[in-house]
Structure formats: structure tokens, C-alpha cells
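Read the structure below first, then the notes.
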There are 2 protein chains.
Amino acid sequence: MAIPRAAKTQRRTRIQEEKEEIILEAALDVFSVSGFRGSTIDQIAEVAGMSKPNLLYYFRTKEAMHRALIDRVLFTWLEPLRAFDANGDPESEIRSYIRRKLEMARDFPRESRLFANEMLQGAPHVEDELRGPLKDLVDEKVEVIRAWAKAGKIAKCDPYHLIFSIWSTTQHYADFDVQVRAVLGDEHSGEGRFEDAARYLEQLFVDGLRIRHS
Amino acid sequence: MAIPRAAKTQRRTRIQEEKEEIILEAALDVFSVSGFRGSTIDQIAEVAGMSKPNLLYYFRTKEAMHRALIDRVLFTWLEPLRAFDANGDPESEIRSYIRRKLEMARDFPRESRLFANEMLQGAPHVEDELRGPLKDLVDEKVEVIRAWAKAGKIAKCDPYHLIFSIWSTTQHYADFDVQVRAVLGDEHSGEGRFEDAARYLEQLFVDGLRIRHS
DNA sequence: GGATAATTTGACCGATTGGTAAACATTACA
DNA sequence: TGTAATGTTTACCAATCGGTCAAATTATCC
């Protein structure tokens, strides 16, 4: 008698690992563009090159696919923030945090859009993770920044909004890629735009625009 | 014999104006959360308090509704950038541009999310507007900023990325509102967060973080 | 008030949706 | 090699999708 769902088996077989990998990869393609509601199992099945019932053999529902995808991606996504080091030099820490986030926007734009889609829809599937693990991690880093400000190493500023501004400026290049390309024009839309962005953002965060009063 | 579609009539009646207004308002509610693909005419009809065929009497297709909505919102959305003045003082111009964009994120979050959704999906319905009117407007303001930099009024920086960074940081408070609230916690999620954000962002853009080298 | 145009709705259509059942094919392992 | 477990697919389901149609209702104007 066959066990109805792979999920119920004790050990994962080789085929399970391979196929789940393929499915999640395809799901990332689809969910990151159309969001949860706008995506269909058929689309994912086509990208994955499998039949729809075959997907549903590995993930019982569309929601289970989305859930698994978010869970897997969330950890990786927070890696740069986790690497943010209290003992490091403020300038190089902030510079490299910006760099790392920008690299992720460049190398993992689908992951960025997956989260952006989820946020736009009010985070119906991840609000707990936001209020729990994410907030905890941010709170921890906020204390680091506050200490730097208190020690006079950086200007006094709201650390939460500092983090928000790094998130938003870097992820912008993944989430709004079409807009960025359209505005920059075809000439400046090569991969070099990430280097330009990195230079600009590091300057912005370190020195600001150094506006001279007239 | 009744004219089949309101769109074909010469003059718009009072009822047409009222109902189209109600429909677009409802469509904004729905599209801004779920995106085009994820939204259904039934959802919009329910929010609007009308029957589905009644919506389709005013807008022939779901796409026509979305199109009308985007067109109406796009003009308003670019207002702050249009107000960006070449003859003004750089510092006050940038400060007030940030303020205005932040006010729009606060007062028109649905409009912000509507565009964000569209961008995430690759701007299938507005790419022409991005490459045309938007790029033209940005190019014009970019020249202003370049002139300021050349005159030594502000630091030399890439004006395109400067604009991107103002867009992303301000719209973040509309598009990622759930995340912002979750991270700030219930205590700091009141309307005061926009004032905090404004203070922080003005400081960031004017002075940067003023990092002291250790 | 009556004719006419404008508006609204219930019933319905074919296509697509998420998901199931069961037959069929393949793999792993004795 | 046989056989039981695992994996895959075809056919299908009820619900929902975007959209149509004709009939019913309401507003407009003489």
C-alpha cells in the first residue's frame, strides 16, 4: 500500500530531495512575480516541467509550497544583517552591510521580490516571523548602532530608520529593476549599475550629500 | 435602444461620474493589495457595493479598470518630482522633496502599493510610461542636480541613484508598512513614525551619518 | 405622464482554478 | 528477480474566473 503523501514518509529519498528542489525553484520564479494569489499551480508545474498532480504529491497545497519557499529563503535573506558586527569599525561595517545587501539584490532578485510581494499583501503568511525572529534580530543590531552613536562614532540618529533606509535603498534595485532600467536607459542598464549604486550609497550613508548653504 | 457601453456615449452623465469614481476607489483597494493577476472583478464589485455586470458596464474589462486606475494615479504620483525646482536652494529643495514624498507615502499608501505591485510584475502595463514621460521628467531633474554638483553646491554624486534613493526610502513606509510596524513594535507604530522618518531621512541626505574614523 | 435612453441585475457561458482518485510506471531492496 | 513502496499521470471534480445577454428597473426629457 502506497503512502499517499511524500511528507508522511520517515526518510526523504533522493528523488524527493531533487524534485522538491526543482519545484521550489520553479515556485520562486512564479511567486516572486505574481505574488501568492496571482500565481497558479499550473504555472509552477509548467516551469518545473512536471504535471500538476505531481507537484501536489510533494506539496499538498499551493499554500504549503509558498510556506516552504518562504521558510527556506527567510534564513538566507537575513544573513547580511546577522553578519553585522558590533565589534567592527562602524564605517566598514555599514559599508560592507550595504555591499552585501546590494549583492543579494543583484544575485537573488527573485527572493527579494518574493518578500516584497508578501509585504505588499500585508504579510498574511509571515507576520509572525516579522514580529518574532526579525524584530529580535533588528533590536539586537539597533543596540549596537545606538552604542556607536553614544560613543560619538557616528551621528545621533534613529537606528531603526537607519536600517530601514539601507534595506529600502538596496532592495530597490531588485524590486524596482524594471523602473531602474527604464529610467537609466539601455546604455546604463548593464551590470555596472550595481557598482554605481554601491559607490553612491556608500557615499550617501557615510558623508551625505555635503550640501553647502548658499 | 440603449447604447451598450457607457464608454461609447458622447457626454458623461452624473451617474457615470459617480459610479466610475466608486469603482476606481474600490479597484484601488483591491489591486494595490493583490496586484493585477491576484485581483478579481468579484472582489472589486463587493468592495464597490455593486454587481459584477454593473462594473463591466462602466469598464469593459478588468484590464480597462486597471488601466484607468494607473492613468489617473500616475499623474498625481509624479507631482512632487515635478515640483522639484532648479532655481531653489539645493538643501531646501531636497528636504521638501523628501517631505512631500513621505507625505504621499503616508496619505496615499494604496497608490504607492499599486505601483510597487506593477513594478514587481515587470511593469507589463506601464513600461511605456516609464521609458517615456517618467524618464523624460527624471532626466530633466538629473540635469538640475548635476548643475548643483558642478557649482559645488552639493557633493558630486550620481543624480539617478540619488533620485532612486529618495524614492525607495520614502515609499518604503507605504509599501513595507507591515514590516515597519512589526519591527518598530506597537509602541512606535503610531503616526509619529512618519515624523521620525522625515527627521532621519533629512539628516541622512544632508549630512550622512558623519562617521568618525577610529 | 409617457417615451426613450441609461442603468442594474440574475442567469448563464466556457475557461481556469486548486485539488482528488485511481490506474499506471518506476525504483529500491530482499 | 520479485515485490512492495515510491513516484507519475490521465481523467476528473466542484468552485471560481472573466465576461455576456436579455430582461427588468430607473432616470431623463418632452
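The sequence lines fix the lettering, A, B, ..., with proteins before strands; numbering per chain opens at 1. Reckoned from all heavy atoms, side chains included, excluding hydrogens, waters and symmetry mates.
We find that B:Arg99 and B:Glu103 are not joined by a salt bridge, their nearest charged nitrogen and carboxylate oxygen being 4.0 Å or further apart. Salt bridge annotation for A:Asp85-A:Lys141: absent, with no cationic side-chain nitrogen under 4.0 angstrom from a carboxylate oxygen. Ion pair B:Arg110/B:Glu25 flagged as a salt bridge, since at least one NZ, NE, NH1 or NH2 atom sits closer than 4.0 Å to an Asp/Glu carboxylate oxygen. Between B:Arg199 and B:Asp196 there is a salt bridge, with a side-chain nitrogen of the basic residue lying less than 4.0 Å from a carboxylate oxygen of the acidic one. Ionic pairing of A:Arg131 and A:Glu127 is present here: one or more N-O contacts between side-chain nitrogen and carboxylate oxygen are shorter than 4.0 angstrom. A salt bridge is defined here as a Lys NZ or Arg NE, NH1 or NH2 lying under 4.0 Å from an Asp or Glu carboxylate O, and A:Arg146 with A:Glu143 meets this definition.
In this structure, B:Ile145 and B:Ile163 have side chains that are in contact, with non-hydrogen atoms separated by less than 4.5 Å. Inter-residue side-chain proximity for B:Ile98 and B:Phe205 is flagged as met; some heavy-atom pair is nearer than 4.5 Å.
One atom, CD of A:Glu17, and another, P of C:dA28, lie 13 Å apart when rounded to the nearest Å. The interatomic distance linking A:Glu63 (CD) with C:dG18 (P) rounds to 12 Å, in whole Å. One interatomic measurement links the two molecules: CG of A:Leu56 to P of C:dT17, which rounds to 13 Å at whole-angstrom precision. Between the P atom of D:dT20 and the CZ atom of B:Phe59 lies a distance of 15 Å, rounded to the nearest Å. In this structure, B:Ile23 places its CD1 atom 15 Å from P of D:dG18, rounding to the nearest Å. At whole-Å resolution of the value, NE2 in B:His66 and C1' in D:dC17 are 17 Å apart.
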What does the list of N/O pairs under 3.5 Å between the protein and nucleotides 9-13 of chain D look like, with a distance for each?
| unit_1 | atom_1 | unit_2 | atom_2 | d |
| --- | --- | --- | --- | --- |
| D:dT9 | OP2 | A:Ser51 | OG | 3.2 |
| D:dT9 | OP2 | A:Asn54 | ND2 | 3.4 |

Side-chain donor-acceptor pairs of residues 72-84 of chain B under 3.5 Å, sequence neighbours excluded:
| unit_1 | atom_1 | unit_2 | atom_2 | d |
| --- | --- | --- | --- | --- |
| B:Arg72 | NH2 | B:Glu21 | OE1 | 2.8 |
| B:Glu79 | OE1 | B:Arg82 | NH2 | 3.3 |
| B:Arg82 | NH2 | B:Phe75 | O | 2.6 |

Identify each donor-acceptor pair in which a side-chain atom of residues 38-46 of chain B lies under 3.5 Å from a protein atom, sequence neighbours left out, and give them as a table.
| unit_1 | atom_1 | unit_2 | atom_2 | d |
| --- | --- | --- | --- | --- |
| B:Ser39 | OG | B:Val30 | O | 3.4 |
| B:Ser39 | OG | B:Gly35 | O | 2.5 |
| B:Thr40 | OG1 | B:Gln43 | N | 3.1 |
| B:Gln43 | OE1 | B:Thr40 | N | 3.1 |

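A:Phe164 and B:Tyr173 have perpendicular rings, their planes meeting at more than 60° on a 0 to 90° scale where under 30° would count as parallel.
Of the residues in residues 32-44 of chain B, those lying under 4.0 Å from DNA chain C by heavy-atom distance are B:Arg37. A heavy atom lying under 4.0 Å from DNA chain D marks none of the residues of residues 115-122 of chain A.
Put simply, the residue from B:His172, B:Arg106, B:Arg193 that forms a side chain to side chain donor-acceptor pair (under 3.5 Å) with B:Asp177 is B:Arg193.
A close approach under 4.0 Å does not occur between any side-chain nitrogen or oxygen of B:Tyr58 and OP1 or OP2 of C:dA6. For B:Gln16, no side-chain nitrogen or oxygen approaches OP1 or OP2 of C:dA6 to under 4.0 Å. Using a 4.0 Å cut-off, no side-chain N or O of B:Lys62 falls inside it from OP1 or OP2 of D:dC17.
One side chain, A:Tyr160 or A:Asp139, offers a donor N or O that lies under 3.5 Å from an acceptor on the other.
Each end of the helix from C:dG1-D:dC30 to C:dA30-D:dT1 yields a helix axis from five base pairs, and these two axes differ in direction by 10° (to the nearest 10 degrees).
For the atom pair CZ of A:Arg37 and CD of A:Gln121, the computed distance is 9.0 Å after rounding to the nearest 0.5 Å.
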